[in-house]
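Notes follow once the structure below has been shown.
As the structure is a prediction and not an experimental result, all values here were calculated from the model.
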Amino acid sequence: QVQLVESGGGLVQAGGSLRLSCVTSGRTFSRSGMVWFRQAPGKEREFVAALGWNGDSTDYANSVKGRFTISRDNAKNTVYLQMSSLKPEDTAVYYCAADKRTFRTAQAVGATTTSETADWGQGTQVTVSS
């Protein structure tokens with residue numbers, strides 16, 4: 001059974017930091033690009049960050065560029081999202097996704113990930129207070 005389990009969310013003041021983790025299991029993920037999305041109340045799900053299958057490429061939404069960093073540890077089957085200088089507008093449920101296709105760059109994965117093309121986690125809530 002394929003599983004992605006996010007953790008690390010919580011309540012933080014503006015300007016603070018959080019590190020989200022996404023632990024994967026159930027299949028080989030080392031050849032998959034990984035993506036973080038988020039969805040705020042009343043808004044559509046939006047792309048946050050992507051990491052290519054071998055870790056050599058990254059892609060970020062303009063709104064988080066320079067503040068968020070995506071990384072992976074294949075030995076731990078874990079993908080991370082380090083978030084710094086958080087703003088109230090970063091408040092959302094954050095989801096990680098693993099591309100079902102293999103050997104794709106961050107740009108390709110970030111632009112084409114859908115509910116059908118990736119395995120998804122259940123999400124973790126991040127709330128940033130002003």
Side-chain angles (χ1 to χ4, degrees):
Q1 181 182 1
V2 176
Q3 280 192 315
L4 288 82
V5 180
E6 302 97 333
S7 63
L11 175 63
V12 64
Q13 287 188 332
S17 299
L18 282 175
R19 188 177 79 159
L20 305 184
S21 300
C22 174
V23 179
T24 64
S25 63
R27 68 171 174 88
T28 299
F29 288 89
S30 58
R31 292 171 287 186
S32 296
M34 301 295 296
V35 194
W36 285 94
F37 282 81
R38 67 186 181 187
Q39 187 166 19
K43 295 187 177 181
E44 293 187 354
R45 186 175 64 193
E46 65 173 354
F47 166 76
V48 175
L51 182 66
W53 74 275
N54 62 359
D56 283 354
S57 60
T58 58
D59 195 19
Y60 297 93
N62 288 333
S63 59
V64 307
K65 203 168 291 184
R67 300 188 297 122
F68 290 11
T69 302
I70 186 172
S71 62
R72 69 193 299 164
D73 184 339
N74 285 340
K76 297 182 177 180
N77 293 323
T78 302
V79 177
Y80 303 99
L81 185 68
Q82 178 67 49
M83 306 186 296
S84 303
S85 301
L86 283 162
K87 304 175 182 180
E89 50 263 44
D90 294 319
T91 295
V93 178
Y94 284 71
Y95 300 89
C96 72
D99 195 6
K100 293 180 180 178
R101 301 157 295 184
T102 55
F103 307 119
R104 295 169 65 85
T105 66
Q107 287 72 21
V109 173
T112 63
T113 294
T114 68
S115 298
E116 290 72 39
T117 63
D119 295 305
W120 291 79
Q122 83 292 344
T124 185
Q125 175 71 48
V126 171
T127 303
V128 184
S129 64
S130 57

Residue pair [X] / [Y]: nearest heavy atoms and the distance that separates them:
X	Y	result
V109	R104	CG2-CB, 3.6 Å
W120	T114	NE1-O, 3.2 Å
S129	L11	CB-CD1, 4.3 Å
S30	R72	CA-NH2, 3.9 Å
T91	V128	OG1-N, 2.9 Å
M34	L4	CE-CD2, 4.2 Å

Stepwise side-chain contact (heavy atoms from CB on, under 4.5 Å) test for L86 and L18: CA-CA 8 Å; L86 283 162; L18 282 175; 4.2 Å; yes
If you measure from [atom1] on [X] to [atom2] on [Y], what distance do you get to the nearest 0.5 Å?
X	Y	atom1	atom2	value
T113	F37	OG1	CZ	5.0 Å
C96	R38	SG	CZ	15.5 Å
W36	L81	CH2	CG	6.0 Å
I70	Q82	CD1	CD	12.5 Å
Y80	S71	OH	OG	7.0 Å
Q1	D119	CD	CG	10.5 Å

Is the backbone of [Y] close enough, under 3.5 Å, to the side chain of [X] for a donor and an acceptor to pair up by distance?
X	Y	result
T124	E6	no
R67	S85	yes
Q107	T58	yes
Q39	K43	yes

Are [Y] and [X] connected into the same hydrophobic cluster when the rule is that any two of I, L, V, M, F, W, Y join if their side-chain heavy atoms are below 4.5 Å apart?
X	Y	result
Y95	V23	no
V48	Y60	yes
L51	V64	yes
V126	V79	yes
V12	V93	no

Parallel, tilted or perpendicular: ring planes of Y94 versus F68, cut at 30 and 60 degrees: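 Geometry flag for F68 against Y94: tilted rings.
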Greater than 12 external heavy atoms within 6.0 Å of K65's NZ: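 Yes, enclosed.
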Flag if over 12 foreign heavy atoms under 6.0 Å of CZ, R27: yes
pair W53-T102: side-chain heavy atoms closer than 4.5 Å: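 Not touching, per the 4.5 Å side-chain cut-off.
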Side-chain H-bond candidate by donor/acceptor type, S32 with R101, under 3.5 Å: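 The answer is no; no qualifying pair exists.
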